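Data block below; observations after.
Throughout, residue positions are numbered sequentially from 1 according to the sequence presented. Remember, predicted model here, so these are calculated numbers, not experimental data. We count ligands from 1, going down the list as the structure has it; atoms in each ligand are counted the same way. In what follows, every heavy atom counts, from backbone to side chain, and hydrogens, waters and symmetry copies are set aside.
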Amino acid sequence: MIETTTYLYNTLSKQVEEFIPNEAGKVAMYTCGPTVYHFAHIGNLRSYIMEDVLEKYLRFVGYDVKRVMNITDVGHLTSDGDTGEDKMLKGAKREHKSVMDIAKFYTDAFMDDCRKLCIKKPDVVEPATNCIPEFIHMIEVLLEKGYAYVAGENVYFDTSKLENYYVLSAQNEEDLQVGVREDVDEDKNKKNKTDFVLWFTKSKFDNQELKWDSPWGVGYPGWHIECSCISMKHLGEYMDIHCGGVDNIFPHHTNEIAQSEAYTGHKWCNYWFHVNHLNTKSGKMSKSAGEFLTVSLLEEKGYNPMVYRLFCLLSHYRKPLEFSYEALDNVATTYNKLIKRIQNLSETGDVDEKSIAEYEKKFAGALANDINTSSAITVLYDMLKADISDASKRQLTARFDEVLSLQLTKAWEAGEVDTDLSAYVEKMIEERKQAKKEKNFARADEIRDELKEKGIVLKDTREGTLWSVE
Ligand code: AMP
Ligand code: ZN
């Protein structure tokens, strides 16, 4: 356990707060998973990368984390409200396949993208279609408690029954309503504008493929109920951190809180972690308009997915981030230089435990400040420049990469160390040492300059001469 106090911005309180989990040493964490009707765009993946860093940081400092994620394979309509078409059905029509085929294909594609971006698979990944009995049970309880009603053969959540429905968002009702609607279809069954569907039976989509029997007739669940049920199924009634992109704040997370707290009768989740959007120059990233930016597309264009991960880590998760190929090119150069530098760390010198502990603390400290990933990367650079042995640097690089996951140590593991360069530099260092011994300082300086021209910097320390690639 690394002694650190973690501070996180909490959307619930709208301020940075000290993070204190319900149970000491343990973290129950939930992430809204992808809607598997199409490939994830790199904007969606920004959210998963930053959530991955949060999880890995918590593990790094010693928490026992259990992370759960759903897969939305039913119920998410093209508008985040209850209007529009079912996204899964839209995907199936587009590709002339069944909904389940689409779900399988795009779940696998999402997992592939995560693997490429070194995003750890959550401990539990549960598709919504696995949990129909749990959804039905929760809806039955909500009806019994008077928080839900049946109208026009659908089951709705009654938001007027709550004292503070807008607990998560500061915006006013009118703004939010406009924001979530793709069309202005008013659902006449709703008692209040903000009520939402828990279970559809009177589907307006005649060809809805996935339907299940329920006490209210054959139908399918609304989108929000799945996250409440799936998280409680695996994490119980109390949760520490719930994650998602900022677009999930309203209505999705607002509705999740409404139904979960109505169901349990107590506060459900203490910290809400929201990742801001990745945008293009022309605005919001989209799967339908403009270039559909996927990890595979970046690979086709010659980018290592790690470059995109670093691009995300160089900015703070709460700030909007603008994507451009120029910016990505700059990060590619940065990444390649960094890898080269690490690749050429030799295994020489003793591992200095004091320095290891000191730098681990600095690194954790940067992330403890509301997951400040760019500061954590600065600590990595400072460490690489420090007067400590290469062996210590190697160990610290590997430790930091448990959180950064930038494949920083891949070169050593694959035995790809540039042995020619290492051998050459070591030979020159030996020659310089000899020159100094013979008081031939002009030759010693000449060697230093010669190496400098090649981008190799020498540093004389008590442990001998260390070198690094600029
Ligand atoms: P979806 O597959 O639409 O359910 O979205 C998956 C995740 O990506 C959710 O957490 C969204 O909030 C998030 N998301 C959607 N668009 C973006 C974006 N442009 N930038 C960052 N995250 C996003
Ligand atoms: Zn969700």
* Asked: Looking only at distance, does Gly43 have an N or O less than 3.5 Å from an N or O of ligand 1?
  -> yes

* Can you spot which of Phe200, Trp199, Tyr147, Tyr149 makes a ring-ring contact (aromatic ring centres under 6.0 Å, His included) with Tyr156? => Tyr149

* Structure fact -> Checking heavy atoms under 4.0 Å, the part of His41 that sits near ligand 1 is side chain

* To do: For residues 60-74, pull every pair meeting salt bridge (Lys or Arg N to Asp or Glu O under 4.0 Å), keeping only residues two or more places apart or in separate chains.
  => Glu51-Arg67, Glu55-Arg67

* **Identity and distance of the protein heavy atom lying nearest atom 18 (C) of ligand 1** => His277 CD2, 3.3 Å

* To do: Decide if the gap between the ring center of His234 and the ring center of Tyr30 is smaller than 6.0 angstrom.
  => no

* Looking at Glu256, pick out the N, O or S atom nearest to the Zn ion (ligand 2) and give its name. => OE2

* Is there a nitrogen or oxygen of Val246 sitting under 3.5 Å from a nitrogen or oxygen of ligand 1? -> no

* Structure fact -> The option among Asn44, Thr35, Ile42, Thr31 carrying the non-hydrogen atom nearest to atom 8 (O) of ligand 1 is Asn44

* Asked: Checking side chain to side chain donor-acceptor pair (under 3.5 Å) against Ser228, which of Gln259, Glu134, Glu256 comes through?
  -> Gln259

* Structure fact -> Asn248 heavy atoms within 4.0 Å reach ligand 1 at atoms 9 (C), 10 (O), 11 (C), 12 (O)

* Got a sec: is Cys227 within less than 2.8 Å of the Zn ion (ligand 2) via an N/O/S atom? -> yes

* To do: Would you mind running through ligand 1 and noting each atom that sits below 4.0 Å from a heavy atom of Ser47?
  => 13 (C), 21 (C), 22 (N), 23 (C)

* Asked: Looking only at N/O atoms, are Cys32 and ligand 1 under 3.5 Å apart anywhere?
  -> no

* Of all heavy-atom pairs between Tyr317 and Phe273, which one has the smallest distance, and what is that distance? -> CZ-CE1, 3.3 Å

* To do: Test Ser296 against Thr294 for side-chain hydrogen bond (donor to acceptor under 3.5 Å, both in side chains), laying out the working first.
  => CA-CA 5 Å; Ser296 309; Thr294 59; 4.5 Å; no

* Asked: Is the backbone N or O of Arg318 less than 3.5 Å from a side-chain atom of Tyr9, with the two atoms forming a donor-acceptor pair by type?
  -> no

* For the pair Lys190 (side chain) and Asp195 (backbone), establish whether a donor and an acceptor sit closer than 3.5 Å, ignoring hydrogens and angles. => yes

* **Nearest protein heavy atom with distance in Å, relative to atom 6 (C) of ligand 1** => Tyr48 OH, 3.3 Å

* To do: Output, in order, the C-alpha distance, side-chain angles, deciding distance and verdict of salt bridge (charged side-chain N to carboxylate O under 4.0 Å, His left out) for Lys116 and Asp112.
  => CA-CA 6 Å; Lys116 287 177 188 168; Asp112 274 351; 6.0 Å; no

* What protein heavy atom sits nearest atom 19 (N) of ligand 1, and how far off is it? -> Leu278 O, 3.1 Å

* **Sub-4.0 Å atoms of ligand 1 with respect to non-hydrogen atoms of Pro34** => 2 (O)

* Answer with yes or no whether Asp247 contacts ligand 1, where contact means a heavy atom under 4.0 Å from a ligand atom. => yes

* Short side-chain to backbone donor-acceptor contact, Lys361 and Ile2, under 3.5 Å -> no

* Asked: Closer than 2.8 Å to the Zn ion (ligand 2), do we get an N, O or S atom from Cys32, backbone or side chain?
  -> yes

